[in-house]
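Data first, discussion second: the structure below is written as structure tokens.
The sequence lines fix the lettering, A, B, ..., with proteins before strands; numbering per chain opens at 1.
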Amino acid sequence: MDKIVSLAKRRGFVFQSSEIYGGLNGCWDYGPLGVELLNNVKQAWWRTMTLRDDIEGLDASILMHPRVWEASGHVANFTDPMVDCKSCKARYRVDVLMEELSVKKKKDVLRGLFPQEFAGQLQDEKVLEEFTQRISTDETIAQVIQTLVPCPNCGNKATFTEARQFNLMFKTFVGPVEDTNSVVYLRPETAQGIFVNFLNVLNASRQRPPFGIAQIGKAFRNEINTKNFLFRTREFEQMEMQYFVKPGDEDTWFEYWREARMKWFLDLGMKPEKLRWHKHEKLAHYAKAAFDIEFEFPFGWGEVEGIHSRTDFDLSRHEEYSGKSMKYFDDQTKEKYTPCVIETSIGASRSFMAFLTAAFDEEMAATGEGGEEMRTVLRFHPKLAPMKGAILPLVNREGMDEQARVIARDLQKYFRVFYDDSGAIGRRYRRQDEIGTPYCFTVDSQTLLDQTVTVRDRDSMRQERIAADQIKSYLFDRVAG
RNA sequence: GCGGGAGUAACUCAGUUGGUAGAGUCACAGCCUUCCAAGCUGUUGGUCGCGGGUUCGAGUCCCGUCUCCCGCUCCA
């Protein structure tokens, strides 16, 4: 992990935000090569999603009407009451504490609060039922937590602080007056921008279910902890596609998108053994089925994409909260229904880091003198590589450098290519290896005779000779699309 | 948030009981060079994370704080 962070910094992929002021926790900036890689990841996704008949693009605003987040459930569910143990400093979510209480403990709690009523024998089912019923308000929960529940860590009772609310949504104000009427949130996910535009897109694009809406954009969550480089940050970018289908068809489409999304990673050169499925056993309130694609990062397996079957929850809720009908009327079958949603939601920063760490390789390579040396190489898929090619004059004599510059300038109309004439040729190859440039084109003395150049492949280090005027199509074949 | 480790040049790191901040790499300029880096010469580059304190004097000792990494916790 340190190697990745260090290379990322040294070669200009990722810098710490506000570094000269000591940095800001969990915030990162993309440098010259990083922004190219990130854009290539986003472009690969965007093209896969939108170069087809049934998916439309969208770019919704980050600030949205506050009611959106009431409808989505974020105001209610994105708030976690937390308590700290004053004795051992451990911190817990109140709902987790309550959930993890054993039946016996719950019985104790009931007897503690209502000594007369629960004095005698008690069935376990009765305990659970009564507990859920009686310990339901914020007040009773607070009372229980602060008097009767022992800290799971140190075992002490009555050591918890009062519950404090941690809302993971960033709050800000619209307009000059900072009062409760002007509160808005930075969106904690991009999906709602799609749902609230469902009718707009439907009507403007003449689509009919099944169809999808794709969006790439930033989202914000005021996480308690950030972690693992780009993996968990407070500001992040999502690439989301919500696919609207007729109720009853959602399982078929769910399988379709699971397969399609896994294929996307594999087509971009990801090794199958670095990816796995994780099935959600405990589903969120809106979900019917949920699978994550996990990647094996240096710190362990972590989610890079979620494929969720969200039922008609989202559209129904917005119908309820906005009073606008979100139903679709099918002219052919004369049916009226609220579409179900299949969501594919991938983290741009997370997949950036996945592609970067997957590409990282160190190997022993032969040197000119017959020895061996460590070679650092980023094996990006050519579509993702920040630099598509390097143009290198073998020596700066006999017009080789001028010729190479002409070639580079011509290619730069179409591709990000790098011209380099400083240092030994082997050294320049290694420099390109380290930033993952897939092809190096070298101008040598033969170029001056017959207008051919050598192409050196990053991974095999082998060379072939092609005509200089073929470089453009050579690159198009390999990096476009 | 808790516990542990770390922070000195763009990168990797030295820096002795407190006494004028160093090396290698990188970058830049020039030389050399006809295919797999680290030849030669020169140059640039440091608020020692930040802020206090002790001291004649702090990279070094003390306090606070920020950031990163590892483990736990958390992740509608």
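Counting any heavy atom pair closer than 4.0 Å across all strands shown, A/S6 reaches sugar-phosphate atoms only and no base atom. Residue A/G12 is classed as having no contact, given no heavy-atom separation below 4.0 Å to the nucleic acid. Using a 4.0 Å heavy-atom distance criterion, A/L7 is classed as making no nucleic acid contact. Across all strands, A/D433 comes closer than 4.0 Å to no nucleic acid atom at all (heavy-atom distances). Backbone-only contact: A/Q16 has heavy atoms under 4.0 Å from sugar-phosphate atoms and none from a base.
Evaluation of atom-type donor-acceptor distances gives a pair under 3.5 Å for the side chain of A/T454 against the base of B/C35. The base of B/C66 has none of its N or O atoms less than 3.5 Å from a complementary donor or acceptor on the side chain of A/Y21. Between the side chain of A/E189 and the base of B/A76 there is at least one donor-acceptor pair of N/O atoms closer than 3.5 Å. Scanning atom types as modelled, one donor and one acceptor separated by under 3.5 angstrom connect the side chain of A/R456 and the base of B/C36.
The side chain of A/I425 has B/C35 as its nearest neighbour among B/C35, B/G71, B/C36.
Ranked by how close their nearest RNA chain B nucleotide is to the 5' end, A/L230 and A/S445 are led by A/S445. Of the two residues near RNA chain B, A/N225 and A/W28, the one whose nearest nucleotide lies more 5' is A/N225.
When the side-chain nitrogen and oxygen atoms of A/R430 are compared with OP1 and OP2 of B/C35, none of them lie within a distance under 4.0 Å. Phosphate proximity of B/C66 to A/N25: absent, as no side-chain N or O sits under 4.0 Å from OP1 or OP2. OP1 or OP2 of B/C70 lies within a sub-4.0 Å distance of a side-chain N or O belonging to A/N228. A/R427 has a side-chain polar atom (N or O) that falls below the 4.0 Å cut-off from OP1 or OP2 of B/C26.
Atom pair A/Y429:OH and B/A38:P shows a separation of 15 Å (rounding to whole Å applied). Per the geometry, CZ belonging to A/F299 stands 10 Å off P belonging to B/C69, to the nearest Å. What separates NZ of A/K227 from C1' of B/U67 is a distance of 14 Å, to the nearest Å. Taking atom CG on A/D420 and atom P on B/A37, their separation rounds to 15 Å, with Å as the unit. Note: CG (A/L33) to P (B/C26) measures 18 Å, nearest angstrom. At whole-Å resolution of the value, CZ in A/R11 and C1' in B/C11 are 9 Å apart.
Remark: A/D420 does not engage A/R428 in a salt bridge, criterion side-chain N to carboxylate O under 4.0 Å. Salt bridge annotation for A/E434-A/R431: absent, with no cationic side-chain nitrogen under 4.0 angstrom from a carboxylate oxygen. Using a 4.0 Å cut-off between a side-chain N of Lys or Arg and a carboxylate O of Asp or Glu, A/R405 and A/E402 do not qualify as a salt bridge. With respect to A/R465 and A/D444, a salt bridge is recorded, a charged nitrogen being found less than 4.0 Å from a carboxylate O. Taking a cutoff of 4.0 Å between a charged side-chain nitrogen and a carboxylate oxygen, A/E223 and A/R234 do not qualify as a salt bridge.
If you take atom P in B/A76 and the same atom in B/U8, they sit 36 Å apart, rounded to whole Å. To the nearest whole angstrom, the two C1' atoms, one in B/C61 and one in B/U16, are 15 Å apart. Spacing of C1' atoms, B/G18 relative to B/G53, comes out at 15 Å, to the nearest Å. B/G30 and B/C35: their P atoms are spaced 23 Å apart (whole Å). One C1' atom belongs to B/G64, the other to B/A23, and the distance between them is 33 Å to the nearest Å. Rounded to a whole angstrom, the distance from the C1' atom of B/C68 to that of B/C11 is 16 Å. Nucleotides B/G46 and B/C32 place their C1' atoms 32 Å apart, quoted to the nearest Å. The same atom, P, is picked in B/A38 and in B/U34; the two are 15 Å apart, to the nearest Å.
With a cut-off of 3.5 Å on both pairing distances, B/C32 has no Watson-Crick or G-U wobble partner at all. The partner of B/G22 is B/C13, judged by Watson-Crick or G-U wobble contacts that both fall below 3.5 Å. Judged by Watson-Crick or G-U wobble contacts below 3.5 Å, the nucleotide B/C74 has no partner. Using the Watson-Crick or G-U wobble rule with both distances under 3.5 Å, B/C68 pairs with B/G5.
Inter-residue side-chain proximity for A/F198 and A/D314 is flagged as unmet; no heavy-atom pair is nearer than 4.5 Å. A 4.5 Å side-chain heavy-atom check between A/W257 and A/E343 finds every atom pair outside the cut-off. Within the 4.5 Å cutoff, side-chain heavy atoms of A/R430 are placed close to those of A/R375.
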